[in-house]
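Chain letters run A, B, ... following the sequence lines, proteins first, then strands; residues in each count from 1. Note that the coordinates shown come from a computational prediction; the quantities given were computed from them, not determined experimentally.
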Protein chains: 2
Amino acid sequence: MDAADTTRGRIRAVAVELFTEQGYDKTSLREIADRVGITKASLYYHYPSKQALLLAIIEPFLDDWTALVDAAERLPRTPANIRFVLERGIDAMLRHRDATSMMLRDVAAVVTALAPRLEDAKELSERMRTWLAGPDPAPADVIRAMAAVEVLGATLAAAAVPEMPEDEVRRVVLDAAVGVLRLSEVAEPAPQPARDPEVAATC
Amino acid sequence: MDAADTTRGRIRAVAVELFTEQGYDKTSLREIADRVGITKASLYYHYPSKQALLLAIIEPFLDDWTALVDAAERLPRTPANIRFVLERGIDAMLRHRDATSMMLRDVAAVVTALAPRLEDAKELSERMRTWLAGPDPAPADVIRAMAAVEVLGATLAAAAVPEMPEDEVRRVVLDAAVGVLRLSEVAEPAPQPARDPEVAATC
DNA sequence: GTCTATACCAGGATAGAC
DNA sequence: GTCTATCCTGGTATAGAC
């Protein structure tokens, strides 16, 4: 992420704004350039393509999410740890809410822009779902894992409502996701601290 | 919806396929025309614009969903009726799964194409959420209603997995949505048959 | 009523001057 | 680091053949 006072940073900020307002494809590079106060061709000096610009917006979130999934897979799948991972996921969405709410709106554009890292991204969500579903899952477990991930998306819908207190959103969405997973039925193996310091540091 | 053997119907079918595969904006009219075996300009005879083509794909689902929300608002908000409405929502998604899975993928394009009916559509999801949240809702109730609607989206993700039995999907998704709403806490007023014949007919 | 040929314009991308 | 000029693709539009 670039500082807001560099040209690169200003382009990124304007792009997020316009992409979110109008969608990726309805936003022309000319429009972005005009608002920044440069020409279309100048954009190309800073970003090699429109897709690259979109990717630059998304990538910080993708990196955080990667760290989260990596961390999850190193944790034993206890109820406390599942809660912990879901909570970190919600936090990541809120932290990058400019990028994530745009992603939700423009899935197709994001998928295209992600091309170089698309397999990574798919694998990432697959790994998260697998971890949530648990070992040797029944079809119902898989569906519940999918539903839990969908619930996380409500974070953004809720955070978009102005008068909604943010910690209320975090609490209720977390509870909902946990409920969908039927966490009470997950076996609790050896006691293990959920707030593993190593994990807390990585994401 | 047109029969699959009319040119109009064949255009629609090819469009759904390509839009779903590649996204709306990455699919050119030339590509569609080629696969149907006509020219780009011929498309123009059958559909006045690319947007109109997209709209023709979405509209049947939108109509069903409108009927569902209309019906819901005429029902007392009992646990049984909430289950009933959610179930009908899942059915509608599965029935129009070609359109709905494309909508999920291409929210931005759909929003643009919907322009003439966008306010309707927004109002529709708002009304559904309001009905689910119940009268005089706390912030937490609103968030849970949002999360429940998100859960319905898992229907499509799950239905996309080939070996997933469809009635398992319906059952588990419904349970998850109901759980998110904490339906057990909804007061049960006068007993009322959930399978109201009038409602069953409208959607 | 169905289709083709053809033109027009907006927008993404590139080359090369300053 | 920014500009002007130019190219190409794709959505849109119309005139007219069958």
Side-chain angles (χ1 to χ4, degrees), chain A residues 1-58 102 105-106 108-116, chain B residues 2-58 102 105-106 108-116 118:
Chain A
M1 177 105 63
D2 299 282
D5 58 343
T6 63
T7 302
R8 229 184 110 85
R10 271 165 49 229
I11 293 172
R12 185 189 184 279
V14 169
V16 171
E17 197 177 320
L18 291 178
F19 288 167
T20 305
E21 250 172 56
Q22 319 175 328
Y24 175 79
D25 294 279
K26 294 279 280 187
T27 303
S28 70
L29 292 181
R30 186 197 317 273
E31 219 174 339
I32 298 174
D34 282 357
R35 193 172 296 197
V36 175
I38 57 178
T39 63
K40 204 172 57 148
S42 271
L43 277 187
Y44 277 88
Y45 172 77
H46 297 282
Y47 295 94
S49 72
K50 194 184 182 186
Q51 275 193 21
L53 175 53
L54 180 57
L55 192 56
I57 295 171
I58 298 164
M102 201 204 60
R105 189 195 153 115
D106 247 324
V110 169
V111 164
T112 310
L114 231 46
Chain B
D2 299 281
D5 57 344
T6 64
T7 302
R8 230 183 109 86
R10 272 166 49 228
I11 293 172
R12 187 189 183 278
V14 169
V16 172
E17 197 178 321
L18 291 178
F19 288 168
T20 305
E21 251 173 54
Q22 317 176 332
Y24 175 78
D25 293 278
K26 294 280 278 187
T27 303
S28 69
L29 292 182
R30 186 195 317 274
E31 221 173 338
I32 298 174
D34 282 356
R35 193 171 299 196
V36 175
I38 57 178
T39 65
K40 200 173 64 148
S42 269
L43 276 186
Y44 212 80
Y45 171 75
H46 295 283
Y47 295 95
S49 73
K50 193 183 182 185
Q51 274 195 22
L53 176 52
L54 180 57
L55 192 56
I57 295 171
I58 299 164
M102 201 204 62
R105 189 194 153 115
D106 244 327
V110 169
V111 164
T112 310
L114 231 45
L118 185 58

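For A/Ala109, the side-chain contact (heavy atoms from CB on, under 4.5 Å) criterion is met by A/Tyr24, A/Asp25, A/Leu54, A/Asp106, not counting sequence neighbours. Partners of A/Arg30 according to the salt bridge (charged side-chain N to carboxylate O under 4.0 Å, His left out) rule, which considers only residues two or more places apart in sequence or in another chain, do not exist here.
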Can you check nucleotides 10-14 of chain D for protein contacts, nitrogen or oxygen pairs under 3.5 Å, and list what you find?
unit_1 : atom_1 : unit_2  : atom_2 : d
D/dG11 : OP1    : B/Thr27 : O      : 3.3
D/dG11 : OP1    : B/Lys50 : NZ     : 3.1
D/dG11 : OP2    : B/Leu29 : N      : 2.9
D/dG11 : N7     : B/Lys40 : NZ     : 2.9
D/dT12 : OP2    : B/Lys50 : N      : 3.1
D/dT12 : O4     : B/Lys40 : NZ     : 3.1
D/dA13 : OP2    : B/Tyr44 : OH     : 2.1

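Within the structure, every side-chain polar atom (N or O) of B/Thr39 is placed at least 4.0 Å from both OP1 and OP2 of C/dC3. For the pair B/His46 and C/dC3, the criterion of a side-chain N or O lying under 4.0 Å from OP1 or OP2 is met. The side chain of B/Ser42 places no N or O atom within less than 4.0 Å of a non-bridging phosphate oxygen (OP1 or OP2) of C/dT2.
Residues A/Leu43 and A/Val36 fail the side-chain proximity criterion, which asks for heavy atoms closer than 4.5 Å.
A donor-acceptor pair under 3.5 Å is absent between the side-chain atoms of B/Arg105 and the main chain of A/Ala108, judged by distance alone. At distances below 3.5 Å, at least one donor-acceptor pair connects side-chain atoms of B/Tyr44 with backbone N or O atoms of B/Pro48. B/Lys50 contributes a side-chain N or O that, together with a main-chain N or O of B/Thr27, makes up a donor-acceptor pair within less than 3.5 Å.
Here the C1' atom of nucleotide D/dT2 and the CD1 atom of A/Ile11 are 11 Å apart, to the nearest Å. Here D/dG1 presents its P atom at 3 Å from OH of A/Tyr45, a figure rounded to the nearest Å. One can place CD1 of B/Ile38 at 11 Å from P of C/dT2, the figure rounded to the nearest angstrom.
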